[in-house]
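Presented below is the structure to which this report refers.
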Amino acid sequence: MADNARAKKLADLIREVVAEKLLRGIKDPRLGTHVTITDTRVTGDLREATVFYTVYGDDEERASAAAGLESAKGILRSAVGRAAGTKFTPTLTFVADALPENAKTIEDLLDKARASDAQVREASSGAGFAGEADPYKKPGEDEAAE
């Protein structure tokens, strides 16, 4: 079992090698500059690596990029093996990262909250106090009322 520092180093190396190979080494038009490698995780035994990626474009471009990554998996694994110099080269699994969709959902929720805050601010702009302006008793007021 490898330590976490070694797995992290290998994950960083895999991310760099795969990104560089996608940018300069693979001539597949399905990949091009549309694919961005966002994260890489390696299991504790250094046998499997999960590469997270995003694709800028519509669903059709995402599907073609996924197919392109699957077809280039062997070339990418060979490049990782040459760069890593480990006894066993980890198998690569490509997973589409849900980061852009999650960010859009959060932005939509924040927009709703801003709109709700604006409505509350507008409704309370001309409002006054429900009772007196200062509802707290001050020392000496009880004695003056008697």
Side-chain angles (χ1 to χ4, degrees), residues 1-77 79-80 83-84 86 89-146:
M1 175 87 41
D3 59 349
N4 288 336
R6 187 170 178 199
K8 176 73 173 134
K9 282 182 181 179
L10 184 60
D12 290 343
L13 177 73
I14 290 171
R15 186 181 70 238
E16 291 173 13
V17 168
V18 169
E20 183 68 27
K21 193 71 173 172
L22 286 176
L23 186 63
R24 293 201 171 93
I26 296 180
K27 304 296 184 206
D28 193 342
R30 297 177 289 185
L31 299 174
T33 59
H34 302 296
V35 179
T36 303
I37 304 300
T38 57
D39 193 20
T40 306
R41 296 188 184 144
V42 178
T43 58
D45 61 356
L46 306 179
R47 295 273 179 168
E48 297 175 12
T50 305
V51 180
F52 295 92
Y53 68 94
T54 58
V55 178
Y56 296 108
D58 57 359
D59 290 335
E60 181 180 322
E61 289 178 355
R62 288 183 188 128
S64 68
L69 286 170
E70 283 299 316
S71 69
K73 189 184 285 189
I75 296 169
L76 294 172
R77 185 173 180 214
V80 167
T86 58
T89 304
T91 59
L92 301 178
T93 305
F94 293 97
V95 176
D97 199 355
L99 185 68
E101 290 82 16
N102 291 343
K104 175 139 178 53
T105 303
I106 290 172
E107 282 296 322
D108 291 343
L109 291 172
L110 288 173
D111 287 341
K112 285 181 185 179
R114 285 187 198 104
S116 175
D117 287 348
Q119 287 177 347
V120 169
R121 193 175 307 115
E122 184 179 317
S124 66
S125 63
F129 294 106
E132 300 174 18
D134 188 12
Y136 300 104
K137 293 183 182 181
K138 294 184 176 49
E141 286 184 0
D142 291 337
E143 297 159 2
E146 293 177 6

**OP:** Kindly indicate whether the side chain of Lys21, heavy atoms from C-beta on, has any atom under 4.5 Å from the side chain of Ile75.
**Re:** yes

**OP:** Go through the structure and list residues passing side chain to side chain contact (heavy atoms under 4.5 Å, CB included) with Lys9, not counting sequence neighbours.
**Re:** none

Original post:
Is Tyr53 close to Val18 at the side-chain level, that is, under 4.5 Å between some pair of heavy atoms?
Top reply: no

**OP:** List for me each residue that meets side chain to side chain donor-acceptor pair (under 3.5 Å) alongside Ser71, sequence neighbours excluded, and say none if there are none.
**Re:** Arg30

Subject >> All salt bridge (Lys or Arg N to Asp or Glu O under 4.0 Å) counterparts of Arg41, not counting sequence neighbours >> reply: Asp39

**OP:** Could you pull out all residues at least two apart from Ala11 that satisfy side chain to side chain contact (heavy atoms under 4.5 Å, CB included)?
**Re:** Thr40, Val42

**OP:** Could you tell me which non-hydrogen atom of Ile14 sits nearest to which non-hydrogen atom of Val80, and how far apart they are?
**Re:** CG1-CG1, 3.6 Å

Original post:
Which residues pass the side chain to side chain donor-acceptor pair (under 3.5 Å) test with Asn102, sequence neighbours left out?
Top reply: none

Original post:
Can you find a pair of side-chain heavy atoms, one from Leu22 and one from Leu69, that are under 4.5 Å apart?
Top reply: yes

Original post:
Shortest non-hydrogen contact from Pro90 to Arg77?
Top reply: O-NE, 3.2 Å

Original post:
What's the shortest heavy-atom distance between Ala84 and Leu13, and which atoms?
Top reply: CA-CD2, 3.5 Å

Original post:
Residues two or more places apart in sequence or in another chain: which of them pass side chain to side chain donor-acceptor pair (under 3.5 Å) with Arg121?
Top reply: none

Subject >> salt bridge (Lys or Arg N to Asp or Glu O under 4.0 Å) involving Asp12 - partner list, sequence neighbours excluded >> reply: Lys8, Arg15

Original post:
For Tyr56 and Glu61, which heavy atoms make the closest approach, and how far apart are they?
Top reply: O-OE1, 3.2 Å

Original post:
Which distance, rounded to the nearest 0.5 Å, do you find between the OG1 of Thr43 and the CG of Leu10?
Top reply: 9.0 Å

Subject >> Partners passing side chain to side chain donor-acceptor pair (under 3.5 Å) against Glu20 (at least two apart in sequence or in another chain) >> reply: Arg24

Original post:
What are the two closest heavy atoms between Leu46 and Ala7, and how far apart are they?
Top reply: CD2-CA, 3.7 Å

Original post:
Looking at residues at least two apart in the chain, or sitting in another chain, which of them share a side chain to side chain contact (heavy atoms under 4.5 Å, CB included) with Thr50?
Top reply: Phe52, Val95

Original post:
Excluding sequence neighbours, so at least two apart, what forms side chain to side chain contact (heavy atoms under 4.5 Å, CB included) with Leu110?
Top reply: Ile106, Glu107, Arg114

**OP:** Under the salt bridge (Lys or Arg N to Asp or Glu O under 4.0 Å) rule, collect the residues that match up with Asp108, sequence neighbours excluded.
**Re:** Lys104

**OP:** Can you sort out the partners of Arg62 under salt bridge (Lys or Arg N to Asp or Glu O under 4.0 Å), two or more places apart, ordered by chain and number?
**Re:** Asp59, Glu101

